[in-house]
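Order of the sequence lines sets the chain letters (A, B, ...), proteins ahead of strands, with each chain counted from 1.
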Number of protein chains: 2
Amino acid sequence: MNTTSPEPVGLRERKKARLRQELINTAVRLFHERGFEGTTTEEIAAAVGVSQRTFFRYFASKEAVVLAAAEGVDQILFEALRARPADESPFLALRNAMRDHWAHLEREGLHLIGATEDLSARSPEILDTNLRYCRQRQEQLAQVVGERAGVDPATDPRPSLVAAVFFAALNNGYQNWCSEGCQNTERLLRSFLEQLDLLPQAIGDDWGTPQARSA
Amino acid sequence: MNTTSPEPVGLRERKKARLRQELINTAVRLFHERGFEGTTTEEIAAAVGVSQRTFFRYFASKEAVVLAAAEGVDQILFEALRARPADESPFLALRNAMRDHWAHLEREGLHLIGATEDLSARSPEILDTNLRYCRQRQEQLAQVVGERAGVDPATDPRPSLVAAVFFAALNNGYQNWCSEGCQNTERLLRSFLEQLDLLPQAIGDDWGTPQARSA
DNA sequence: TGTCAAGTGTCAGTCGCTGACATAATCTCG
DNA sequence: CGAGATTATGTCAGCGACTGACACTTGACA
């Protein structure tokens, strides 16, 4: 969903928004069924009933569709972050927001982006793309982190840094989850949280005894 | 340079290694001259005197060449990391290794990867690719970090996490440097170090007063 | 020296992506 | 409502990354 703009006014705008959403939904569905690589942009366009050229007028690249789908999910994360108590530090709040956000995802399923089933578990490639092309998402997250902390991401480098590190940790957790065979999503969340919780120690002075990955 | 294998033995092996290196050198040179996007794989192949098909038999993608070139640079970083005193914490050692490594780069230039001039400053696109596709580099770095700390990256998640966060911070520093107009390389190093030094505070509990980017 | 494997070139083809131009749908304003 | 200006879309041609198949050459090795 385009959660940023409230309501398209003219018929033209409404049609455009609807088509855009339909492209996203169809693309996500096809990615589920055939995988990201296994789906061509022409197939997506054909399934919606438009030309490939039109597809590329809506999205700069095949990956951009995934990014657009992720935006809806991110909005929920941002909401969860805003809802955290103000006395939590930015990073901790982000960690907890991630947990809350996940619960929300499990409850709601993912119909908000047009899929009825779990996105991550069904198509790791998609999450992969998500995590790899996270610049834009990172910027948006930095914005929210900055707001919450009352600093301007344009001048204070810390929000961006927190966002970057957050996604880096997630990426790591995701890879671990994959290497363990892409099990259920609770495990993925646990993998995420593990990385986030380990972070302070990992960059800290005392590594203590060797750490074992939580089984 | 393929710094991992000591010496190719047969004539065949030697030819292969030489061709591979020539492809890397030529590609990097052309990227310098015309930019990454502005150079086609056919041009690279033609400049070396082989077919495009052969190029793709040596490298899985256009970006893989850049990655291969970066490997040589990374080896120096790894050396610098190994050379840090053992009582430095992994993250701090990495930070200082980065500084040492940079000095080395400035001194040596970059003929080790076939370029006579500064890679980063001349062609931001290349560094961009470097930072974006850093999975492989991340794994290698995690390996070295683990060795130094005496833990196994396969079971202890911290080395990978440190490596991931390290590259995330670098990425961030790079973006800042870009947004400030891609000035000289000392500035880039400073931007890197700034991000690394800010990290503990950024994920810490106390953000204190708003921070200003070091001008 | 002859045989076998490995490296290479050529060719055809797929797919992501773009520019150009014509057509059709919407909007605006009289 | 209707004419003309905007904007969205389709079609087509083309580029560049990348791949499979097959024939050919070159180094390896008995």
Side-chain angles (χ1 to χ4, degrees), chain A residues 2 5 7-24 26-28 30-31 33-69 125-126 128-130 132-133 136, chain B residues 2 5 7-24 26-28 30-31 33-69 123 125-126 128-130 132-133:
Chain A
N2 193 343
S5 63
E7 298 264 334
V9 276
L11 168 57
R12 203 172 239 165
E13 297 298 316
R14 252 177 298 135
K15 268 180 99 171
K16 235 170 63 172
R18 211 183 325 132
L19 178 52
R20 182 185 147 85
Q21 194 55 46
E22 206 178 339
L23 282 168
I24 295 178
T26 306
V28 169
L30 291 178
F31 291 161
E33 293 171 11
R34 320 178 188 175
F36 183 76
E37 305 284 330
T39 309
T40 71
T41 57
E42 246 166 7
E43 284 169 342
I44 300 170
V48 176
V50 297
S51 70
Q52 188 203 31
R53 194 66 185 84
T54 294
F55 173 92
F56 279 110
R57 276 194 264 255
Y58 279 79
F59 302 99
S61 69
K62 197 173 152 189
E63 272 134 4
V65 201
V66 182
L67 225 52
E125 275 170 325
I126 293 185
D128 189 62
T129 303
N130 262 335
R132 240 173 55 209
Y133 295 81
Q136 194 185 326
Chain B
N2 194 343
S5 63
E7 297 265 334
V9 274
L11 169 57
R12 204 172 237 166
E13 297 298 316
R14 253 177 296 136
K15 266 180 102 170
K16 234 170 62 172
R18 212 184 323 135
L19 177 52
R20 182 185 146 86
Q21 194 55 45
E22 205 176 340
L23 281 168
I24 295 177
T26 306
V28 170
L30 290 179
F31 291 160
E33 292 171 11
R34 319 177 189 177
F36 182 76
E37 305 284 330
T39 308
T40 71
T41 55
E42 247 167 7
E43 285 170 343
I44 301 170
V48 176
V50 297
S51 71
Q52 189 203 30
R53 193 68 186 83
T54 293
F55 173 91
F56 279 111
R57 275 195 263 255
Y58 279 78
F59 302 100
S61 68
K62 197 171 152 188
E63 272 134 4
V65 201
V66 181
L67 224 53
S123 186
E125 276 169 325
I126 293 184
D128 190 60
T129 303
N130 263 334
R132 240 174 54 209
Y133 295 81

Looking at [options], which one has an atom nearest to any side-chain atom of [X]?
X     : options                : result
A:F56 : C:dT18, D:dG27, D:dA21 : C:dT18
B:L11 : C:dG16, D:dT19, D:dA28 : D:dA28
B:R12 : C:dC27, C:dG16, D:dG27 : D:dG27

Got a second to check how far [X]'s [atom1] is from [Y]'s [atom2], nearest 0.5 Å?
X     : Y     : atom1 : atom2 : answer
B:K15 : B:L19 : NZ    : CG    : 9.0 Å
A:Y58 : A:I44 : OH    : CD1   : 15.0 Å
A:T26 : A:E43 : OG1   : CD    : 12.0 Å

Taking any heavy-atom pair under 4.0 Å as a contact, classify [X]: base, sugar-phosphate, or nothing.
X     : answer
B:S51 : base
A:Y58 : sugar-phosphate
A:L19 : sugar-phosphate

message: So for A:R53 and C:dG19, does any side-chain atom that can act as donor or acceptor lie under 3.5 Å from a complementary atom in the base?
response: yes

task: Classify the side chain of B:R14 versus the base of D:dG27 as yes if they form a donor-acceptor pair under 3.5 Å and no if they do not.
output: no

message: Is the shortest side-chain heavy-atom distance between A:E63 and A:F36 below 4.5 Å?
response: yes

message: Would you say that A:T41 contacts A:F59 through its side chain, given a criterion of any heavy-atom pair below 4.5 Å between the two side chains?
response: no

Whole-Å gap separating [atom2] ([N]) and [atom1] ([X]):
X     : N      : atom1 : atom2 : result
B:I44 : D:dC18 : CD1   : C1'   : 13 Å
B:F59 : D:dT19 : CZ    : C1'   : 18 Å
A:K62 : D:dG16 : NZ    : P     : 21 Å
B:E13 : D:dC29 : CD    : P     : 10 Å
A:E37 : C:dG16 : CD    : P     : 9 Å
A:K16 : D:dT7  : NZ    : P     : 9 Å
B:R57 : D:dA21 : CZ    : P     : 13 Å
B:E42 : D:dC18 : CD    : P     : 13 Å

- prompt: Between B:F55 and A:T41, which has a closest nucleotide on DNA chain C that is more 5'?
  reply: B:F55

field: Nearest-nucleotide comparison on DNA chain D, the residue closer to the 5′ end among B:K15 and A:T54
entry: A:T54

